[in-house]
Amino acid sequence: MKMIQRIVAVTFVLSCSPLANAAEIKVLCSNGIKAVVEELVPQYERATKHKVTVQFEPSALLKKRIDAGEPFDLAVLTTTLIDEEIKAGKLASESRTILARSGLGLSIRAGSKRPDIASVDAFKKALLSAKSITYATQGASAAPFEALVAKLGITAQVKPKYSLRETASQVGEAVSSGAAEIGVAPVSEILPVKGVDLVGAFPKDVQSYVEMTAAVSTGAKEKEAAKKLVAFIIAPANLPVIKAKGMEPAGR
């Protein structure tokens, strides 16, 4: 079945992209969907002979580069920032495509005892019991996590435990080294990190999602090839990859 799905995906791309006109596509991509893109882009390149150059950073930093006028073909950012760039005239509204979303999760150093976070009460207790907590100030998980802590009424107790980092990758390093006991990040950014274990996603009743959306630059040199890359990523045959990387379809 997996082989059939892969053949379908490749056939889809081949039917859309003429191999005779190989393109070079520049992508500015959020770290939130990095694992998915890293697996699927090489498949797209093999099928189409297009060359795809992807630069990964937090969405907020990529937005600054876009605002500064950096040339690119495709942007993959959080939905809020994509919409801001569409309003600013940097991205084409008709190309706006929601790719996937990832819920927030907790990470611990590999091999450490896993706290119980199965219920909201248990989750709250885990935060109160932790010696230190880290999350990315530049990441999309910061605002919803801070809002959740306030909603749970534990800001005063938890805030002194914060040992903040700028990016999710730095959060992973802090947790894997033992510099922080618990890390907060989208599940899609926890799973690829070596030296950490995923405790689990936040309880459903208090879960927040980081949604990744793609849009083509209004100044793109390779608009059609960029659109075909987006179509390939969200092709039904690639859904298992999205799920395996800690994400799920959203808004489609």
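Residue indices begin at 1 and follow the sequence shown.
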| note | Taking every heavy atom of Cys29 against every heavy atom of Val54, the minimum-distance pair comes out as CB-CG1, 3.7 Å
| side chain to side chain donor-acceptor pair (under 3.5 Å) evaluation trace for Thr80 with Thr78 | CA-CA 6 Å; Thr80 299; Thr78 58; 5.3 Å; no
| task | Decide, yes or no, whether a salt bridge links Glu45 with Lys51 under the criterion of side-chain N to carboxylate O below 4.0 Å. | result | no
| said: Working to the nearest 0.5 angstrom, can you tell me the gap between Arg109 CZ and Asp197 CG? | reply: 11.5 Å
| said: Quick check: closest heavy atoms across Pro240 and Ala237, and the distance to 0.1 Å? | reply: CD-O, 3.4 Å
| said: Do Gln207 and Leu104 make a side-chain contact, defined as non-hydrogen atoms from C-beta onward lying under 4.5 Å apart? | reply: yes
| query | Are Phe232 and Ile25 joined in one hydrophobic group, where the rule is that I, L, V, M, F, W and Y side chains link up if heavy atoms are under 4.5 Å apart? | reply | yes
| request: Any chance you could lay out the side-chain contact (heavy atoms from CB on, under 4.5 Å) test for Thr48 and Lys228, step after step, and finish with the verdict? | output: CA-CA 10 Å; Thr48 64; Lys228 300 305 187 298; over 6 Å; no
| message | Within the 4.5 Å heavy-atom criterion, are Asn31 and Pro186 side-chain neighbours or not? | response | no
| task | Output every pair passing salt bridge (Lys or Arg N to Asp or Glu O under 4.0 Å) with a member in residues 65-79, not counting sequence neighbours, ordered by first then second residue. | result | Lys26-Glu70, Glu57-Arg65, Lys63-Asp67, Arg65-Glu70
| message | Once ring pair (Phe, Tyr, Trp, His ring centres under 6.0 Å) is applied, what residue pairs with a partner in residues 82-120 remain, sequence neighbours excluded? | response | none
| Is the shortest side-chain N to carboxylate O distance from Arg96 to Asp83 below 4.0 Å? | yes
| query | Can Val158 be reached from Val175 by stepping across I, L, V, M, F, W or Y side chains whose heavy atoms are under 4.5 Å apart? | reply | no
| task | May I ask whether Val210 and Leu148 are part of the same hydrophobic cluster, defined by side-chain heavy atoms of I, L, V, M, F, W, Y residues being less than 4.5 angstrom apart, directly or through others? | result | yes
| message | Please report the interatomic distance CD1(Ile242) to CD1(Ile33), rounded to the nearest 0.5 Å. | response | 6.5 Å
| query | Under 3.5 Å, is there a donor-acceptor pair between the side chain of Ser95 and the main chain of Val216? | reply | yes
| query | With no hydrogens and no angle check, is any side-chain donor or acceptor of Glu181 less than 3.5 Å from a backbone partner on Lys131? | reply | yes
| said: I need the Ser30 OG to Leu61 CG distance, nearest 0.5 Å. | reply: 10.0 Å
| query | What residue pairs, at least two apart or across chains, pass ring pair (Phe, Tyr, Trp, His ring centres under 6.0 Å) with a residue in residues 173-223? | reply | Phe123-Phe202
| request: Taking all non-hydrogen atoms of both residues into account, name the closest pair between Leu74 and Ala214 and its distance. | output: CD1-CB, 4.1 Å
| query | Within the side chain of Ser177, is there an N or O that forms a donor-acceptor pair under 3.5 Å with the backbone of Ala174? | reply | yes
| remark: Closest heavy-atom pair, Pro58 versus Thr167, reported as atoms and distance to 0.1 Å, is CG-CG2, 3.8 Å
| task | Check Pro115 against Val199 and note the closest heavy-atom contact, atom names and distance. | result | O-CG1, 3.5 Å
| field | Hphob cluster co-occupancy, Met212 + Val37, side-chain heavy atoms under 4.5 angstrom | value | yes
| task | Might you work through the side-chain contact (heavy atoms from CB on, under 4.5 Å) test for Lys245 and Leu191, ending with a clear yes or no? | result | CA-CA 7 Å; Lys245 303 303 181 181; Leu191 291 178; 5.7 Å; no
| Can you tell me how far OG of Ser107 sits from CZ of Arg114, rounded to the nearest 0.5 angstrom? | 10.5 Å
| field | Steps toward side-chain contact (heavy atoms from CB on, under 4.5 Å) verdict (Asn238, Val36) | value | CA-CA 9 Å; Asn238 289 324; Val36 172; over 6 Å; no
| field | Side chain to side chain, Lys34 and Pro192, heavy atoms closer than 4.5 Å | value | no
| remark: Distance col, row Leu164:CG vs Ile133:CD1, nearest 0.5 angstrom, shows 10.0 Å
| task | Just grab all the side-chain hydrogen bond (donor to acceptor under 3.5 Å, both in side chains) pairs involving residues 145-156, residues at least two apart or on different chains. | result | Tyr135-Glu146
| query | Shared ILVMFWY cluster between Val184 and Met247, side chains joined below 4.5 angstrom? | reply | yes
| Which atoms form the tightest heavy-atom contact between Ala118 and Ala122, and what is the distance? | N-CB, 4.2 Å
| How long is the gap from CD1 on Ile233 to CG on Leu239, to the nearest 0.5 Å? | 13.5 Å
| With sequence neighbours excluded, what pairs up with Arg165 under the side-chain hydrogen bond (donor to acceptor under 3.5 Å, both in side chains) test? | Ser163
| query | Does atom NZ of Lys161 have more than 12 heavy-atom neighbours, drawn from other residues, nucleotides or ligands, at distances under 6.0 Å? | reply | yes
| Can we say Lys227 and Glu224 salt-bridge, meaning some charged N sits less than 4.0 Å from an Asp/Glu carboxylate O? | yes
| query | Is Leu62 isolated, or which residues cluster with it under the ILVMFWY side-chain rule of less than 4.5 Å, directly or via members? | reply | Leu28, Ile66, Phe72, Leu77, Leu81, Ile82, Ile86, Leu91
